[in-house]
*Asks:* 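My questions will all concern the structure given below.
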Amino acid sequence: MRTGDATSTAGVEQFAADAREYLRRRPRQLPSQYLYDALGSALFEAICRLPWYPVTRVEIRMLAHEVSQALPDDCRTLVELGPGSGAKLTALLSRYCPDSRPMTVHLIDVSAAALGHAAHALERFRGIDVLAHEASYEKGLTAFATSRGRGRALAMFLGSNIGNFAPAEACNLVRQIRGALRVGDGLLLGTDLVKPEACLLRAYDDPLGVTAAFNRNLLVRINTELGACLDVDSFAHRALWNADAARVEMHLVNLQPQRIVIPAAGLDFFMPEGETIWTESSYKYEPPEVTSMLESQGFSVAQQWIDETDRFAISYAVAI
C-alpha cells in the first residue's frame, strides 16, 4: 500500500476545533467523522455483521452479482470513498476483475485503520496497485484527480455513506466526485431506502448494544485525545426516526446534571439532565430522489438495482 503525498489527516487540533464549534451549537453536535478512530472502525465493522443491519450483506451480494456483470470492462482505475474493511470492493473485483488485469485502486478515508484493512483485503489480487489517501473526501478526491493515469475510472461511494450528509451537503459531495472524474467515468452509489420505522430503529439501536458502544466511543476519544474526564456511563445512546427529514438520528443523552470540561477544545459548560449531543444522521432515500440528485450534478443514471426486501439501492451513473 502506498500513501498519497497530497493528503493529510484530521488530527487532534482539528478534532479540538470541531468540538469547540459544534458543542456550542444548539442542539449540541459532533461531526460523525470522529466516530471512526481505530476502535470506532472496528465497532462499525461489527455492526455490519449484525442481523438487524442488513445493508452490508445486501450490498455485497448485489456487487458480486448484478452490478459486476453490468459494468464496462475497460476500467483500469478505481477510487473508493470510505472503503471500510474492503469487503465490498473485494466482492466486486472477484467477479469484475477475475483475470487480475492491471489496475490502480485509490482508497480515501480519514481512518488509517480502515485504509490498512482495505489494502490488506486487496492483497489477494495480482496486478492491483493500491494508493491510500488518509484524508477527507474532498482532499482525497483532489489527490486522486491529480495523480490518476489514463483510461476510464470508476468511483465507488457505497454503504449508504451518502446518507451521513444532509441533502444539500450530499449534492455538494456528488458534485465534488463529478469534478474529480472525466466524461465517461462511472460512479457506483449505494443508498439505503426508506423502510418501516421499527426496522430502522433496530438497525441503529441493536439489542446487543454494539451501536451504543460505537456511539459512546466518541466520548472515550474526547477523554483520550482532548484531555477531558467525561463519565462515559453518564451518557446513553439514543436512536430516533425523524420522518419529516427522512433520517435516523443518533444522540448521546446526558443522564445527570454535570459540568463538561474539555481542555484541548477550550470548553467549560453545564449540561442539564436530558440534554443530548447529536452525533450522526443517516438520511434515507426513495429511488427517484437518488436519480434526481445524480442527474442534477452532472451524471446520467445508466442503471439502478433495488433490493425490495431490505430496501437498498445501488445506482450506476456515468459522468457527462
Side-chain angles (χ1 to χ4, degrees), residues 27 29 31-33 35-36 44 47-63 65-67 70 81-82 84 87-88 137 155-175 177 187-208 210-212 214-215 237-251 253 276 278-297 299-317:
Q29 303 170 39
S32 61
Q33 73 183 72
L35 292 165
Y36 297 93
F44 182 72
I47 290 170
C48 292
R49 296 175 179 269
L50 295 174
W52 308 282
Y53 191 86
V55 167
T56 303
R57 292 186 299 279
V58 171
E59 192 170 36
I60 286 176
R61 179 190 60 74
M62 296 169 73
L63 288 167
H65 295 92
E66 302 101 300
V67 177
L81 287 70
K88 286 166 285 194
Y137 293 147
M156 301 169 57
F157 195 34
L158 303 170
S160 196
N161 288 332
I162 192 72
N164 292 138
F165 297 85
E169 296 171 338
C171 284
N172 183 57
L173 179 55
V174 173
R175 186 183 311 119
I177 295 172
L187 168 63
L188 284 178
L189 182 67
T191 47
D192 205 12
L193 304 179
V194 174
K195 60 195 74 177
E197 179 176 356
C199 295
L200 289 167
L201 294 182
R202 185 60 64 94
Y204 289 83
D205 192 6
D206 63 273
L208 294 182
V210 182
T211 312
F214 172 65
N215 198 13
H237 166 72
R238 177 186 294 166
L240 59 89
W241 170 242
N242 185 329
D244 291 337
R247 70 186 179 217
V248 177
E249 299 175 6
M250 291 202 325
H251 295 261
V253 184
T276 70
W278 185 359
T279 58
E280 186 178 52
S281 295
S282 186
Y283 288 83
K284 308 304 176 185
Y285 288 85
E286 295 291 355
E289 295 173 330
V290 179
T291 299
S292 177
M293 174 174 61
L294 288 166
E295 292 184 344
S296 70
Q297 303 305 324
F299 289 95
S300 174
V301 176
Q303 199 158 352
Q304 192 173 65
W305 300 269
I306 300 173
D307 184 292
E308 291 292 357
T309 301
D310 289 306
R311 297 286 293 158
F312 189 83
I314 297 179
S315 304
Y316 174 60

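Just so you know, these numbers come straight off a predicted model, no measurement behind them. Quick note: numbers below take in every heavy atom, side chains included, and nothing from hydrogens, waters or symmetry partners.
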*Asks:* Look up atom CD in Glu289 and atom CG in Leu294, then write down how far apart they are to the nearest 0.5 Å.
*Replies:*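 It comes to 12.0 Å.
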*Asks:* Given side chains that start at C-beta, do those of Val174 and Phe157 come closer than 4.5 Å, heavy atoms only?
*Replies:*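 The answer is no, as the side chains (C-beta and beyond) never meet within the 4.5 Å cut-off.
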*Asks:* Which value, rounded to the nearest 0.5 Å, describes the distance between Ile306 atom CD1 and Ile314 atom CD1?
*Replies:*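 Ile306 CD1 to Ile314 CD1: 11.0 Å, rounded to 0.5 Å.
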*Asks:* Enter the distance from Leu81:CG to Met156:CE here, rounded to the nearest 0.5 Å.
*Replies:*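 Atom-to-atom, Leu81:CG and Met156:CE are 10.5 Å apart.
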*Asks:* Mark yes or no for whether Arg57, through its side chain, and Leu50, through its backbone, hold a donor-acceptor pair below 3.5 Å.
*Replies:*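 Answer holds: yes.
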*Asks:* With sequence neighbours excluded, what pairs up with Tyr204 under the side chain to side chain donor-acceptor pair (under 3.5 Å) test?
*Replies:*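 Tyr204 satisfies side chain to side chain donor-acceptor pair (under 3.5 Å) with Ser282, Lys284 once adjacent residues are dropped.
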*Asks:* How about Thr291 and Ser315: do any of their side-chain heavy atoms sit closer than 4.5 Å?
*Replies:*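 No - every pair of side-chain heavy atoms lies 4.5 Å or more apart.
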*Asks:* Could you list the residues that satisfy salt bridge (charged side-chain N to carboxylate O under 4.0 Å, His left out) with Arg61, not counting sequence neighbours?
*Replies:*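 Result, salt bridge (charged side-chain N to carboxylate O under 4.0 Å, His left out) vs Arg61: Glu66, Asp307.
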*Asks:* What residues, two or more places apart in sequence or in another chain, satisfy side chain to side chain donor-acceptor pair (under 3.5 Å) together with Trp278?
*Replies:*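 So Trp278 forms a side chain to side chain donor-acceptor pair (under 3.5 Å) with Ser281.
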*Asks:* My understanding is that only residues two or more places apart in sequence, or in another chain, count here; which of them pass side chain to side chain contact (heavy atoms under 4.5 Å, CB included) with Asp205?
*Replies:*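 Scan of Asp205 (side chain to side chain contact (heavy atoms under 4.5 Å, CB included), adjacent residues dropped) gives His237, Ala239.
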*Asks:* For the side chain of Asp206 and the backbone of Leu208, is there at least one donor-acceptor N/O pair under 3.5 Å apart?
*Replies:*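 Yes, because the side chain of Asp206 sits within donor-acceptor range (under 3.5 Å) of the backbone of Leu208.
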*Asks:* Quick check for you: to the nearest 0.5 Å, what is the distance between Glu59 atom CD and Leu158 atom CG?
*Replies:*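 The distance works out to 4.5 Å.
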*Asks:* Would you please name every residue forming a ring pair (Phe, Tyr, Trp, His ring centres under 6.0 Å) with Tyr36, sequence neighbours left out?
*Replies:*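 Per chain and number, Tyr36 pairs via ring pair (Phe, Tyr, Trp, His ring centres under 6.0 Å) with Phe44, Phe214.
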*Asks:* Considering only heavy atoms from C-beta outward, does the side chain of Leu189 approach that of Phe299 to under 4.5 Å?
*Replies:*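 Of all side-chain heavy-atom pairs linking Phe299 with Leu189, none is under 4.5 Å.
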*Asks:* Which pairs pass side-chain hydrogen bond (donor to acceptor under 3.5 Å, both in side chains) with one or both residues in residues 157-171, sequence neighbours excluded?
*Replies:*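 As it turns out, the side-chain hydrogen bond (donor to acceptor under 3.5 Å, both in side chains) pairs with a partner in residues 157-171, which skip direct neighbours, are Asn164-Glu280.
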*Asks:* To the nearest 0.5 Å, what is the distance between CG on Leu188 and CD on Gln303?
*Replies:*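 Rounded to the nearest 0.5 Å, the CG-CD separation comes out at 10.5 Å.
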*Asks:* Taking all non-hydrogen atoms of both residues, which atom of Ala70 and which atom of Trp305 are closest, and how far apart?
*Replies:*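 Closest heavy-atom pair between Ala70 and Trp305: CB-CZ2, 3.5 Å.
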*Asks:* Would you sort out whether Thr211 and Met250 count as a side chain to side chain contact (heavy atoms under 4.5 Å, CB included), showing the intermediate values?
*Replies:* CA-CA 9 Å; Thr211 312; Met250 291 202 325; 3.7 Å; yes
*Asks:* Could I get the full list of side chain to side chain donor-acceptor pair (under 3.5 Å) partners for Tyr283, not counting sequence neighbours?
*Replies:*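 Expected list: Arg247.
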*Asks:* Can you list everything that forms a side chain to side chain contact (heavy atoms under 4.5 Å, CB included) with Thr56? Sequence neighbours excluded, please.
*Replies:*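 Thr56: side chain to side chain contact (heavy atoms under 4.5 Å, CB included) contacts with Cys48, Tyr53, Ile60.
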*Asks:* Suppose we screen for side chain to side chain contact (heavy atoms under 4.5 Å, CB included). Which residues come up paired with Arg175, at least two apart in sequence or across chains?
*Replies:*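 Arg175: side chain to side chain contact (heavy atoms under 4.5 Å, CB included) contacts with Asn172, Gln297.
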*Asks:* Run the side chain to side chain contact (heavy atoms under 4.5 Å, CB included) test against Ala170 and tell me which residues pass, sequence neighbours left out.
*Replies:*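 Listed in chain order: Ile162, Phe165, Tyr285, Met293.
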*Asks:* Please list, chain by chain and in numerical order, all residues satisfying side chain to side chain donor-acceptor pair (under 3.5 Å) with Asn242, sequence neighbours excluded.
*Replies:*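 Asn242 satisfies side chain to side chain donor-acceptor pair (under 3.5 Å) with Glu249 only.
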*Asks:* Compare every heavy atom of Ile177 with every heavy atom of Ala155, then report the nearest pair and how far apart it is.
*Replies:*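 Closest pair (atom of Ala155, atom of Ile177, distance): CB-CG2, 4.1 Å.
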*Asks:* If I take atom CG from residue Leu193 and atom CG from residue Leu200, how far apart are they, to the nearest 0.5 angstrom?
*Replies:*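 The distance works out to 10.5 Å.
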*Asks:* Taking salt bridge (charged side-chain N to carboxylate O under 4.0 Å, His left out) as the cut-off, I'd like each qualifying pair that reaches into residues 194-203, sequence neighbours left out, listed once.
*Replies:*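 Residue pairs with at least one partner in residues 194-203: Asp192-Lys195.
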